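What follows is a single structure, written as structure tokens, with notes after it.
All of these numbers come straight from a predicted model, not from anything done at the bench.
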Amino acid sequence: MNKNKQKAVRRSRRRTGIRKRVIGTPERPRLTVYRSLNHMYVQVVDDLAGVTLASASTRDKGVSVSGGTGNASAAEVVGSAIAERAKQAGVTAVVFDRGGFKYHGRVKALADAARKAGLEF
């Protein structure tokens with residue numbers, strides 16, 4: 001098994017373990033993060049109803065990112081955008097699902113920006 005496949009398998013196992021514990025409810029939906037090499041994607045999900053309440057990414061037209069899209073400053077912009085969209089959907093508190101990624105770098109920058117914009121974790 002090559003190094004990249006091993007890395008993907010380890011992330012998948014971490015993600016499965018996190019999803020066993022983290023469940024989005026109508027009172028506290030799940031804020032889920034996906035980080036690719038070039039972009040960040042975030043959703044606020046109510047797992048009991050199976051509904052996405054709000055979403056944001058570096059690819060959205062409404063999210064203006066200056067410079068590159070795969071860096072911490074772009075993640076901060078997405079974090080503040082998801083906080084605003086979640087507030088519009090009536091969500092003030094969420095449970096954070098890091099999606100198997102380390103809470104470091106872009107993931108941490110996104111979470112800090114969402115907290116700063118008023119979302120409660």
Query raised in the report: Tell me the salt bridge (charged side-chain N to carboxylate O under 4.0 Å, His left out) pairs involving residues 30-42, sequence neighbours left out?
Result: Arg30-Asp47, Arg30-Asp97
Query raised in the report: Pairs in or reaching into residues 55-72: which pass salt bridge (charged side-chain N to carboxylate O under 4.0 Å, His left out), with residues at least two apart or in two chains?
Result: Asp60-Arg85
**Report entry** Single-linkage hydrophobic cluster Tyr34~Ile82, side-chain heavy atoms < 4.5 angstrom
**Finding:** yes
Query - Cluster check Leu48, Val44: I/L/V/M/F/W/Y, side chain < 4.5 angstrom - result: no
**Report entry** Closest contact, heavy atoms only, Thr58 versus Thr69
**Finding:** CG2-O, 3.6 Å
[Y] side chain reached by [X] side chain, heavy atoms, under 4.5 Å:
X	Y	value
Phe96	Val107	yes
Val95	Leu31	no
Tyr41	Ser36	yes
Gln43	Thr32	yes

Query raised in the report: When you check the side-chain N and O atoms of Ser73 and Asn71, is any donor under 3.5 Å from an acceptor?
Result: yes
Requested in this report: With rounding to the nearest 0.5 Å, note down the distance linking CZ in Arg28 to CG in Asp46.
Outcome: 13.5 Å
Query raised in the report: When rounded to the nearest 0.5 angstrom, what is the spacing between NE2 in His39 and OG in Ser57?
Result: 8.0 Å
Requested in this report: Could you give me the CA-CA distance, side-chain angles and deciding distance for Val78 and Val63, then say whether side-chain contact (heavy atoms from CB on, under 4.5 Å) is met?
Outcome: CA-CA 7 Å; Val78 173; Val63 178; 4.2 Å; yes
Report summary line: Students should find that the hydrophobic cluster of Val45, defined by side-chain heavy atoms under 4.5 Å apart, otherwise consists of none
Report task. Output all residues satisfying side chain to side chain donor-acceptor pair (under 3.5 Å) with Ser55, sequence neighbours left out; order by chain, then residue number. Result -> none
Using residues 15-23 as the side-chain source, report each donor-acceptor pair under 3.5 Å to any protein atom, sequence neighbours left out, with the distance given to one decimal.
unit_1: Thr16; atom_1: OG1; unit_2: Ser12; atom_2: O; d: 2.9
unit_1: Arg19; atom_1: NH1; unit_2: Val22; atom_2: O; d: 2.9
unit_1: Arg21; atom_1: NH1; unit_2: Gly17; atom_2: O; d: 3.2

Check: residues 108-121 side-chain donor-acceptor pairs under 3.5 Å, at least two apart:
unit_1: Lys108; atom_1: NZ; unit_2: Asp112; atom_2: OD2; d: 3.1
unit_1: Asp112; atom_1: OD1; unit_2: Arg115; atom_2: NH1; d: 3.2
unit_1: Arg115; atom_1: NH1; unit_2: Tyr103; atom_2: OH; d: 3.2

